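To start, the structure itself, in structure tokens.
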Number of protein chains: 2
Amino acid sequence: MISRNLFIGLILSTILCQVTMAQSNTNRIRHMVVFKLKHSESSPEEQNFLNAIRKLAAIPGVEKFELMRQISQKNKYSFGLSMEFADQQAYDKYNTHPDHIAFVQNRWVKEVDDFLEIDLKLLE
Amino acid sequence: MISRNLFIGLILSTILCQVTMAQSNTNRIRHMVVFKLKHSESSPEEQNFLNAIRKLAAIPGVEKFELMRQISQKNKYSFGLSMEFADQQAYDKYNTHPDHIAFVQNRWVKEVDDFLEIDLKLLE
């Protein structure tokens, strides 16, 4: 009896998770930036910048924050940043949040050599 | 008793899911392409191309296939494609799969106006 109820719990959990994802997709925005730094590879300055960028994850509204290495030889960028917002309003709040504005002014414009912003919405 | 076991099931399911994700991240590659088409917006030709690109999801090794609209005004691309591979070997198999090669030759090179490929790995 215990194992059957555990099984039902697992199934219920899976269904609930999928329903939540499907319902939330319509307005969701995935914001991505691919970039390369002025700093040399594996330098302390590079590490310091990456640590600073990770703090953006704490800004309200930021979901699924991912900091990644860009490994394709077919573009010039070294890193990729990805985050999701529930909707345009949450994205706007992030953009105008003092911590985001301070990061852009104090770090991004000074230390980033080149970048490309990409915003994505799932096709219905 | 039933509800307690259901609760345990839900918790177990959540933990198992997170462990699987965390363990699989080291070698995983997210392959992305942002692109714009030669076809005009909302044309039957555009829809036909998007339907063809969706079939790439059936190629072995392709995981988390997503076809998205690119909505940022800060780049020239209209769509984004994202898929994940368990490792470089799975990615290589996709690249050399006959269905992928046929799609690139018969559709991609003829109908895509411009594109950028991005390959990402989570930073450890």
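A note on names: the letters A, B, ... follow the listed sequences, proteins ahead of strands, and every chain is numbered from 1. Just so you know, these numbers come straight off a predicted model, no measurement behind them.
Residues B/I118 and B/Y94 do not share a hydrophobic cluster, defined by chaining ILVMFWY side chains whose heavy atoms lie under 4.5 Å apart. Linking Ile, Leu, Val, Met, Phe, Trp and Tyr whenever their side-chain heavy atoms come within less than 4.5 Å leaves B/W108 and B/Y77 in two separate clusters. Both B/I71 and A/Y91 belong to a common hydrophobic cluster when Ile, Leu, Val, Met, Phe, Trp and Tyr are linked at side-chain heavy-atom distances under 4.5 angstrom. A/F65 and A/F115 fall within a single hydrophobic cluster, where Ile, Leu, Val, Met, Phe, Trp and Tyr are joined by side-chain heavy atoms under 4.5 Å apart, directly or via other members.
Counting heavy-atom pairs closer than 4.5 Å to chain B, the top residue among A/K74, A/K121, A/E66 is A/K121.
In this structure, the separation between CE on B/M32 and CZ on A/R30 is 6.5 Å, given to the nearest 0.5 Å. Between the CD1 atom in A/I29 and the CZ atom in B/R69 there is a gap of 13.5 Å [rounded to 0.5 Å]. With rounding to the nearest 0.5 Å, the separation of CD in A/Q70 from CG in B/L120 is 6.0 Å.
Looking at B/M68 and A/L123, their side chains never come closer than 4.5 Å, going by heavy atoms from C-beta outward.
The only option from B/D119, B/L116, B/V33 that meets the side chain to side chain contact (heavy atoms under 4.5 Å, CB included) definition with A/S72 turns out to be B/D119.
More than 12 heavy atoms of other residues, nucleotides or ligands shown are found within 6.0 angstrom of CD on A/E117.
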